[in-house]
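Before any comments, here is the structure.
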Amino acid sequence: QTRASSHVAKGPGDSLQLSLPPSHHHQVFHLPRLPEGNAKEGYPPSEPTEPITTKEDNREITKEEVLSYKVKELSSKYVISEELARCQFGVVHRCVEIATKKTFMAKFIKVKGTDRELVLREIEALNVARHRNIIYLHEYFESMEEFILIFEFISGVDIFERLGTSNFDLTEQEIVRYLRQVCSALKFLHSQNVVHLDIRPDTIVYSTRRSSNIKIIEMGQARLLVPGENIRLLFSAPEYSAPEVHRHDLITTATDMWSVGVLAYVLLSGLNPFAAESTTKVIENISNCEYIFDREAGQCLWRTLR
């Protein structure tokens, strides 16, 4: 059993002190800045900037599809600044739109072969996902070798990173507020027959470092539900995935809600209910619905769900 160092939040005013093991935390955007020599080819390292303070993005949510342009047009529309992060599928830079002077994030993704289809599928999902709690895709640029996705700028971090800050307490009230927003986003996606399939702590971040509003920042696994279609996934966090994902059975909107349930349990108790000494055993526990249910954590979960 792999347990975090924690104590359970006992009421709305009680804080949950939580520190998860490294295996439970797979960071997406918020990684340490890389050495200057690793800047993306074609964009020399910029001078270090002052810390950026952003306001809540209260833009009107539209249902219009984002515009696309050729990659060669990028430099006439944006000034590309420092690298913010590297992840498995790309490099993220801060950028400024020349016409409006607004700050955005530019995600550079190299593609070849079937990679194009995966990125286009993510763009299609982002076009559908016009909700205040899902990251906003502003526009994108494409060529045969590369996509550049322009996202709203988010300066916040995920909930576990925020635990390390002095002005944040993880109370039951905060967890309720957090989960309500996640469920609101999923309710919207499910109404469009879209499933997210990657709900976990590090695909959800706060809009700013002081905000209580969250954004789901990854849509790469999202799928449009087609009756009878069997979806196979490359999951990155097996401990949050539902049994049907591991068994390669049919996916439904309930698949997302399983992940929400695991997320709620982890936030309230600091313990993953399917934790085990190996990934294989975790998957076996999930597939067989063999879980650890801590009595104190269960009482906490019940109060939150009410």
Side-chain angles (χ1 to χ4, degrees), residues 28-30 40 52 54-71 73-81 83-111 115-143 146-156 158 181-182 184-199 202-208 211 213-224:
V28 180
F29 279 159
H30 303 280
K40 180 176 172 60
I52 299 167
T54 58
K55 296 181 179 179
E56 293 281 358
D57 191 341
N58 295 316
R59 75 176 75 238
E60 181 181 353
I61 304 299
T62 67
K63 294 184 178 180
E64 298 175 1
E65 291 192 2
V66 297
L67 298 176
S68 64
Y69 302 91
K70 300 296 184 184
V71 165
E73 299 178 72
L74 178 69
S75 60
S76 65
K77 292 177 68 66
Y78 290 90
V79 175
I80 305 299
S81 298
E83 184 177 296
L84 298 175
R86 280 178 187 254
C87 53
Q88 184 179 358
F89 302 106
V91 183
V92 181
H93 284 256
R94 185 174 68 87
C95 65
V96 177
E97 190 174 34
I98 295 171
T100 65
K101 307 301 181 185
K102 289 183 178 180
T103 298
F104 292 88
M105 297 188 300
K107 186 175 182 179
F108 293 79
I109 308 170
K110 293 290 186 182
V111 293
D115 291 347
R116 284 186 60 81
E117 296 176 18
L118 297 177
V119 177
L120 287 171
R121 187 171 62 198
E122 180 175 4
I123 291 170
E124 182 182 11
L126 286 162
N127 271 326
V128 172
R130 296 306 193 184
H131 187 275
R132 63 184 176 277
N133 297 123
I134 300 174
I135 193 169
Y136 184 90
L137 179 64
H138 182 56
E139 57 191 6
Y140 68 96
F141 299 79
E142 66 173 311
S143 68
E146 186 176 36
F147 280 89
I148 304 162
L149 309 186
I150 307 297
F151 291 103
E152 64 176 303
F153 189 85
I154 296 176
S155 59
D158 70 43
Q181 293 178 79
V182 174
S184 175
L186 289 177
K187 180 180 179 181
F188 175 78
L189 289 178
H190 294 170
S191 73
Q192 307 297 312
N193 286 327
V194 173
V195 284
H196 186 271
L197 303 178
D198 198 20
I199 294 296
D202 47 320
T203 61
I204 305 164
V205 302
Y206 286 95
S207 297
T208 70
S211 174
N213 297 326
I214 63 96
K215 298 272 187 178
I216 295 174
I217 59 171
E218 284 290 317
M219 291 292 293
Q221 295 277 38
R223 300 286 192 280
L224 178 67

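This structure is a prediction, so every number in the text was calculated from the model and none was measured.
- Among all heavy-atom pairs drawn from Ile80 and Ala106, the shortest one is CD1-CB, 4.5 Å.
- A distance-only check finds a donor-acceptor pair linking the side chain of Ser191 to the backbone of Phe188 [under 3.5 Å].
- Between Phe104 and Tyr78, the ring-plane angle classifies as perpendicular under the 30° and 60° cut-offs.
- With rounding to the nearest 0.5 angstrom, the CD1 atom of Ile109 is 11.5 Å from the CD atom of Glu142.
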Ser207 and Glu152: CA distance, side-chain angles, deciding distance, side chain to side chain contact (heavy atoms under 4.5 Å, CB included) verdict: CA-CA 10 Å; Ser207 297; Glu152 64 176 303; over 6 Å; no
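- At distances below 3.5 Å, not a single donor-acceptor pair connects side-chain atoms of Glu218 with backbone N or O atoms of Thr203.
- Among residues two or more places apart in sequence or in another chain, the side chain to side chain donor-acceptor pair (under 3.5 Å) test is passed with Ser76 by none.
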Check step by step if side chain to side chain contact (heavy atoms under 4.5 Å, CB included) holds for Leu126 and Val66. CA-CA 9 Å; Leu126 286 162; Val66 297; over 6 Å; no
Let's go through Arg223 and Arg121 carefully: what are the C-alpha distance in whole Å and the side-chain angles of both, what is the deciding distance for side chain to side chain contact (heavy atoms under 4.5 Å, CB included) to 0.1 Å, and is it a yes or a no? CA-CA 8 Å; Arg223 300 286 192 280; Arg121 187 171 62 198; 3.0 Å; yes
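- The minimum heavy-atom distance linking Ser75 with Ile98 is given by the pair O-CD1, 3.8 Å.
- How far CD of Gln192 is from NE2 of His131: 10.5 Å, rounded to the nearest 0.5 Å.
- Residue Lys77 places its NZ atom among more than 12 non-hydrogen atoms of other residues, nucleotides or ligands, all under 6.0 Å distant.
- With rounding to the nearest 0.5 angstrom, the CG atom of Leu149 is 12.5 Å from the NE2 atom of His138.
- Other residues, nucleotides and ligands contribute over 12 non-hydrogen atoms within 6.0 Å of the CD atom of Glu97.
- Checking side-chain atoms of Lys110 against main-chain N and O of Phe147 turns up no donor-acceptor pair under 3.5 Å.
- To the nearest 0.5 Å, the span separating CG on Asp115 from CG on Leu120 amounts to 11.0 Å.
- Contact check for Ile135 versus Met105: side-chain heavy atoms found under the 4.5 Å cut-off.
- Remark: the backbone N or O of Asp198 is not paired with any side-chain donor or acceptor of Gln221 at under 3.5 angstrom.
- Rounding to the nearest 0.5 angstrom, the gap separating the CD1 atom in Ile148 from the CD1 atom in Ile150 is 6.5 Å.
- Of all non-hydrogen atoms in Lys107 and Phe151, the two that sit nearest each other are CB-CE1, 4.1 Å.
- Taking both residues in full, the closest heavy atoms of Asn127 and Arg130 are given as O-CG, 3.4 Å, listed atom of the first, atom of the second, then distance.
- With values rounded to the nearest 0.5 angstrom, Ile154 atom CD1 is found 11.5 Å from Leu84 atom CG.
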I would like to know whether Ile216 and Leu189 meet side chain to side chain contact (heavy atoms under 4.5 Å, CB included); could you show each step before the answer? CA-CA 12 Å; Ile216 295 174; Leu189 289 178; 5.6 Å; no
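- A donor-acceptor pair is defined here as one N or O able to donate and one able to accept, closer than 3.5 Å; no such pair exists between the side chain of Glu146 and the backbone of Ser143.
- Tested against Ile204, the residues Asn133, Ile217, Val182 include a single side chain to side chain contact (heavy atoms under 4.5 Å, CB included) partner, Val182.
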